[in-house]
Protein chains: 2
Amino acid sequence: MAGAIEFVDGGTITTPKGFVAGATYAGLKTFAEDKLDLGILFSEAPCNTAGVFTTSTVKSPGVTMDKERLAQGIPMRGLIVNAGIANTCVGEQGYIDAIEMTGLAASKTGVTPEEVLVCSTGVIGVELPMSLIREGVGHIDLDGQGGSDLARAIMTTDTRPKETAVTFELDGRQVHLGGIAKGSGMIHPNMATMLSFIATDAAVEPGFLQSTLSEIADVTYNMLTIDGDSSTNDTVLVMANGVAGNAPVTAGSPDADTFTEALRQVCTHLTRELARDGEGASHLIVVEVAGAANTTDARNGAKTIASSSLVKSAVFGTDPNWGRVLAALGRSRAEVDEDKIDLFINGVCIMEAGKPIPFHRDAVVALMKRPEVTFRLQLHLGDGEATAWGCDLTEEYVIINSAYTT
Amino acid sequence: MAGAIEFVDGGTITTPKGFVAGATYAGLKTFAEDKLDLGILFSEAPCNTAGVFTTSTVKSPGVTMDKERLAQGIPMRGLIVNAGIANTCVGEQGYIDAIEMTGLAASKTGVTPEEVLVCSTGVIGVELPMSLIREGVGHIDLDGQGGSDLARAIMTTDTRPKETAVTFELDGRQVHLGGIAKGSGMIHPNMATMLSFIATDAAVEPGFLQSTLSEIADVTYNMLTIDGDSSTNDTVLVMANGVAGNAPVTAGSPDADTFTEALRQVCTHLTRELARDGEGASHLIVVEVAGAANTTDARNGAKTIASSSLVKSAVFGTDPNWGRVLAALGRSRAEVDEDKIDLFINGVCIMEAGKPIPFHRDAVVALMKRPEVTFRLQLHLGDGEATAWGCDLTEEYVIINSAYTT
């Protein structure tokens, strides 16, 4: 059973002990007051580190390099990240620049380049202006309050930083787990969209850390997007430095459940924040599918509904057009018996046993004006359940994305 | 080798001999001058008939009934179709109404209900007002010039009817093949979106007719949408009445190639018209993928690019943001070697061997202002090739779809 997990007021990625961070404006994004676009996260102690990455066949050399470094199994010390330029589709130079970025961070912090990871996000097909990055790294001040600056530095079309942290007990020690994330377009993740970095001062066995991250990413970040959808740079990293002094968490231990639950809560929080801040979004959409024949059906159904442009447009217009929800469910190929489906919009039953029930349209429209619209489907076929998150499709989305490079 | 195939000026579904059609305004759509919403197609001779249908697990009872009737293998005489209401998700009453609709058309034309098919398109979850339909059927005048009225009667958010016909020779006889179609939203087909009906006065063996339709639908209508995407009512029907008097076309004959090519040309024409008239669309998008490792990769790549909201938004903004094209290609999981990819936008090479080549942004922006924007990718890996069609994503799309039922 998981112990008590509490969110930390103002928590961020440097809430866990032994982590420092900092960021600067290096000139990669269009200038604006207080803008940041280059940052470093560093741990005073070596970190067991796990990652999940884009499945796209077109990917940033940074992603390829990070996967190689994690595969070596050596502890990591930090990461360097830039926003504004994705360092993708630029040929051999991309690898050279990715390696140099880790070298710059390593020199600054006194570790080897092989102990540093790199991430980039932004426009594809543009080479990194390395002279600006070299200059910028020199201006980064690393400290224990730097997490929020790092959260701001990774933003692209995000309207606000996403950061959180929790605290809980493991092995009689108070430990912390904090993370940051950036996203933007939610239909198809925008150029190099989804980055999330998580730090913990808990000691965690590396194999368990990786399997837990993969499991949790599957029910959080991977439920933000349509099936198989992934950008060129998507990366989630978890670094565990063990500064809290607990006995390392291993698979199957009681602490494993607590740690997994803490990671789930942080990733769910960040996922919801990513959905809520989808480009142009005015509503967070939550789709819960229960009673599916199996988990795969539940996942596919929930994701297909959450990513349907018609459902998203209807939510924008606060139009209780539930036919589109059912059409998306059917399109997902989830097994259904139409005569058994119940559908709730923000808790109000719109359809019972497959038939629309009379409702006051005005009342449902009023419910849908809330910033969060939840569709809950009960299929009454089995035990499969899943939750997906998305946002509505607005005119603002089109305006943002019709002139991204110009 | 296929013989000469010529498009017929003003051609439509009643261009083939022996077909009559007609339509009326029955009151299923919001009234407007000259609006039509209920129609019948009828053949003076029995027709070998083939169909392809939605793969959605939530489907209209009309689709289920049509599949059952075609499975019996008896020739068909006609079809009845309404727009405005999809007759989907209305429980048992949906089946009863679908059967009654075929009965009404059968009584009017003097055939049995089992020789008639039915299609509906429009809003889901609303029962058909059968009294309006009974009344409406009485007002339909069937004649050999009625095809264009039928094309208008099946429109929902379409801004114009889609119809065409070709003529060619088979077995020394002049034959005709004509069709109509309706669509609308192209990201995810709108409620009960895609209907297409095709008639021919050629005699065609039924097994060959079905296999040819399936093959052609796969490279035309099925290349309009994202992978697996399908609405509750999607239906394509081909009726061949043999009035032209040719020896029936069978698989493997020279006539088979000619017939297949004629069907391909008509379906391609209608597919392009559907894409061009996508909801709110200002550009037709054509994506050609060549040199893929195999056909599946080419198809997945082309469809993923054509359905990418980011690509679609960029085309709307005439933004030569080719990074999004590559990101979508990678996301499709098509095998790629980044260092081999060539990309052309409207014939202008934007990337060669995986590297962006300097281009005059203004020139490409000017090219993209054309009503048709073609992305051509040469992957240099194999012989796989495919073409997909789509349209841009505009603010108008969101406006249309945010208030469809209200």
Side-chain angles (χ1 to χ4, degrees), chain A residues 54-59 86 88-91 123-126 185 187-188 190-191 228-232 308-310 313-314 316-317 319-324 326-336 338-339 351 354-356 361 365 393-395 397-406, chain B residues 54-59 86 88-91 123-126 185 187-188 190-191 228-232 308-310 313-314 316-317 319-324 326-336 338-339 351 354-356 361 365 393-395 397-406:
Chain A
T54 179
T55 56
S56 176
T57 55
V58 174
K59 61 174 78 73
T88 300
C89 294
V90 287
V123 178
I124 287 181
V126 176
I187 297 183
H188 299 295
N190 205 331
M191 295 303 79
D229 209 359
S230 180
S231 93
T232 56
S308 159
S309 293
L310 290 170
S313 297
F316 170 53
D319 179 357
N321 194 343
W322 55 268
R324 292 177 177 175
L326 291 194
L329 175 68
R331 183 154 46 78
S332 79
R333 311 277 182 101
E335 183 186 335
V336 297
E338 282 177 44
D339 298 336
M351 192 173 78
K355 290 196 76 172
R361 174 177 293 274
V365 168
L393 176 61
T394 68
E395 296 159 72
Y397 173 91
V398 178
I399 293 166
I400 291 169
N401 282 297
S402 59
Y404 187 72
T405 65
T406 50
Chain B
T54 179
T55 55
S56 176
T57 54
V58 174
K59 62 174 79 70
T88 301
C89 295
V90 288
V123 178
I124 286 181
V126 176
I187 297 182
H188 300 295
N190 205 330
M191 295 302 83
D229 208 359
S230 179
S231 92
T232 56
S308 159
S309 293
L310 290 168
S313 297
F316 170 53
D319 179 358
N321 193 342
W322 56 268
R324 293 178 176 175
L326 291 194
L329 175 67
R331 183 154 44 79
S332 78
R333 312 276 180 100
E335 183 186 336
V336 297
E338 283 178 43
D339 298 335
M351 191 172 79
K355 291 196 75 172
R361 175 177 292 272
V365 168
L393 176 60
T394 67
E395 298 158 70
Y397 173 90
V398 178
I399 293 166
I400 291 169
N401 283 298
S402 58
Y404 188 70
T405 65
T406 50

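Lettering follows sequence order; numbering is per chain, from 1.
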**Asked** side chain to side chain contact (heavy atoms under 4.5 Å, CB included) between A:Thr55 and B:Arg333: does it pass, once the steps are laid out?
**Response** CA-CA 8 Å; A:Thr55 56; B:Arg333 312 276 180 100; 3.1 Å; yes
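- Between B:Gly330 and A:Ser56, the shortest heavy-atom distance links the atoms C-OG, 3.1 Å.
- Between chain B and the options A:Glu338, A:Lys355, A:Met351, the largest number of non-hydrogen pairs under 4.5 Å is found for A:Glu338.
- The closest donor-acceptor contact from the side chain of B:Thr57 to the backbone of A:Ala334 lies under 3.5 Å.
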